[in-house]
Protein chains: 2
Amino acid sequence: MLTRIDHIGIACFDLDTTVEFYRATYGFEVFHSEVNEEQGVREAMLKINETSDGGASYLQLLEPTREDSAVGKWLAKNGEGVHHIAFGTADVDTDAGDIRDKGVRVLYDEPRRGSMGSRITFLHPKDCHGVLTELVTSAAVESPEH
Amino acid sequence: MLTRIDHIGIACFDLDTTVEFYRATYGFEVFHSEVNEEQGVREAMLKINETSDGGASYLQLLEPTREDSAVGKWLAKNGEGVHHIAFGTADVDTDAGDIRDKGVRVLYDEPRRGSMGSRITFLHPKDCHGVLTELVTSAAVESPEH
């Protein structure tokens, strides 16, 4: 069951400049940053609020590490902006399976590694009214037996 | 001070079909719906979680009521997808003023009426790394003396 807006993924050309924009304009600070080579992104997570399911909502700022990454290609086509939205769940495997059974294309056969040790998958935007949609199970919040 | 992700605004061609997609796929239910003639939209708010500032995070599904509305023009150009993101604050007037003083263009001279009696304004996406950004003070959550 999806229980929170986990994050909004925002693609940018220069991560440092964009982080500074969010800090200077709104006071949002970097909670975590990492490079995800598999996804081809350098990213910063800005924690905005905590959520009623025990998790939190973030902005995820994404700079591609290579032009042929998914985010790199998206940026070249669309310019900077909202790249995807993500819902948090305690059990990404079950939810992804249930959603696949409803006829929505799930992009990975098995969830992959996301920010902060989470497990993630994506739903095809053409099956979701134009919205690239991520499902996330956080390593920090949800217990491993799920 | 911006204290939550208030909502993600998603533009769609047909509100009923899109509401049904979110219900059937994820189990999200309509919390509130209304027509905002000033904004030129028919909308449905799906409440996803409550937030640590006493508010909540929603998906806001938006169907234009006329082609020449902002959302109607955006849809004709971009197709369905994420139209804007919104941050919640107890005091949209002060925050909008502070952000304007930092050189970011605020689209309204004074906040206007948003969903569920809220007061809203927008920041120019070209000043926000491509993200149309809304600031919201909820009528339900924040006290009137703010």
Side-chain angles (χ1 to χ4, degrees), chain A residues 1-14 17-22 24-28 46-59 61 75 78-89 95 98-99 102-104 123 125-133 135, chain B residues 1-14 17-22 24-28 46-59 61 75 78-89 95 98-99 102-104 123 125-133 135:
Chain A
M1 194 170 84
L2 310 184
T3 54
R4 70 178 175 278
I5 294 177
D6 186 86
H7 64 266
I8 301 168
I10 296 173
C12 62
F13 291 117
D14 185 280
T17 303
T18 310
V19 162
E20 176 55 20
F21 167 79
Y22 278 95
T25 309
Y26 308 122
F28 298 156
L46 315 181
K47 187 174 178 175
I48 311 302
N49 56 265
E50 295 180 341
T51 55
S52 44
D53 66 348
S57 295
Y58 301 85
L59 297 187
L61 306 179
L75 260 177
N78 298 286
E80 294 185 315
V82 176
H83 175 261
H84 68 269
I85 68 173
F87 298 113
T89 166
D95 282 322
D98 289 349
I99 289 169
K102 292 172 182 171
V104 173
L123 311 180
K126 289 192 179 172
D127 295 346
C128 300
H129 288 269
V131 178
L132 177 59
T133 302
L135 310 180
Chain B
M1 194 171 81
L2 310 184
T3 53
R4 70 179 175 278
I5 295 178
D6 185 86
H7 64 267
I8 301 168
I10 296 173
C12 62
F13 291 117
D14 185 281
T17 303
T18 309
V19 162
E20 177 55 20
F21 167 79
Y22 278 96
T25 309
Y26 309 121
F28 297 155
L46 314 182
K47 187 175 179 176
I48 310 303
N49 57 265
E50 295 181 340
T51 55
S52 45
D53 66 347
S57 295
Y58 301 85
L59 298 186
L61 306 179
L75 260 177
N78 298 285
E80 294 186 315
V82 176
H83 175 261
H84 68 271
I85 68 174
F87 298 114
T89 166
D95 283 322
D98 289 349
I99 289 168
K102 292 173 183 171
V104 173
L123 311 181
K126 289 192 179 172
D127 295 346
C128 299
H129 289 269
V131 178
L132 177 59
T133 302
L135 310 180

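Worth knowing before you read on, the calculation uses all heavy atoms, side chains too, and leaves out hydrogens, waters and symmetry mates. To find a chain, count down the sequence lines: A is the first, B the second, and so on, and within it residues start at 1. This one's a predicted model, so the numbers in the text were calculated from it and none came from an experiment.
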Quick one: pull up CG in A:Asn78 and CG in B:Asn78 and give me the separation to the nearest 0.5 Å. 8.5 Å

Heavy atoms only: give me the nearest B:His129-A:Thr17 pair and the separation to one decimal. CE1-CG2, 4.0 Å

Taking all non-hydrogen atoms of both residues, which atom of B:Asn49 and which atom of A:Thr3 are closest, and how far apart? CB-O, 3.4 Å

Part of B:Leu2 within contact of chain A (heavy atom distance under 4.5 Å): both

What residue, out of A:Met1, A:Lys102, A:Glu80, has the most heavy-atom pairs lying under 4.5 Å from chain B? A:Glu80

CG (B:Leu46) and CD1 (A:Ile5) are apart, to the nearest 0.5 Å, by 9.5 Å

Those residues that, when tested against B:Glu50, pass salt bridge (charged side-chain N to carboxylate O under 4.0 Å, His left out) (two or more places apart): B:Lys47

Sort A:Leu132 into side chain, backbone, both or neither according to what part of it lies under 4.5 angstrom from a heavy atom of chain B. neither

Name the orientation class of the two ring planes belonging to A:Phe87 and B:Tyr26 (parallel below 30°, tilted from 30 to 60°, perpendicular beyond 60°). tilted

When the 4.5 angstrom heavy-atom criterion is applied to B:Tyr58 and chain A, the contacting part is backbone

At what distance, to the nearest 0.5 angstrom, does CD1 of B:Ile10 lie from OG1 of A:Thr133? 7.0 Å

Per-residue tally against chain A (heavy atom, under 4.5 Å) across B:Ala11, B:Gly130, B:Pro125 peaks at B:Gly130

Heavy-atom distances under 4.5 Å only: say whether B:Asp98 touches chain A with side chain, backbone, both or neither. neither

Determine whether B:Ile99 and A:Thr25 satisfy the following criterion, side chain to side chain contact (heavy atoms under 4.5 Å, CB included), listing intermediate values before the conclusion. CA-CA 6 Å; B:Ile99 289 168; A:Thr25 309; 4.0 Å; yes

Tell me, out of A:Phe21, A:Phe28, A:Tyr22, who's got the most heavy-atom pairs with chain B below 4.5 Å. A:Phe21

Applying salt bridge (charged side-chain N to carboxylate O under 4.0 Å, His left out), name anything that partners B:Lys126, two or more places apart in sequence or on another chain. none

Does B:Ile8 form a side chain to side chain contact (heavy atoms under 4.5 Å, CB included) with A:Val82? I'd like the steps, not just the answer. CA-CA 10 Å; B:Ile8 301 168; A:Val82 176; over 6 Å; no

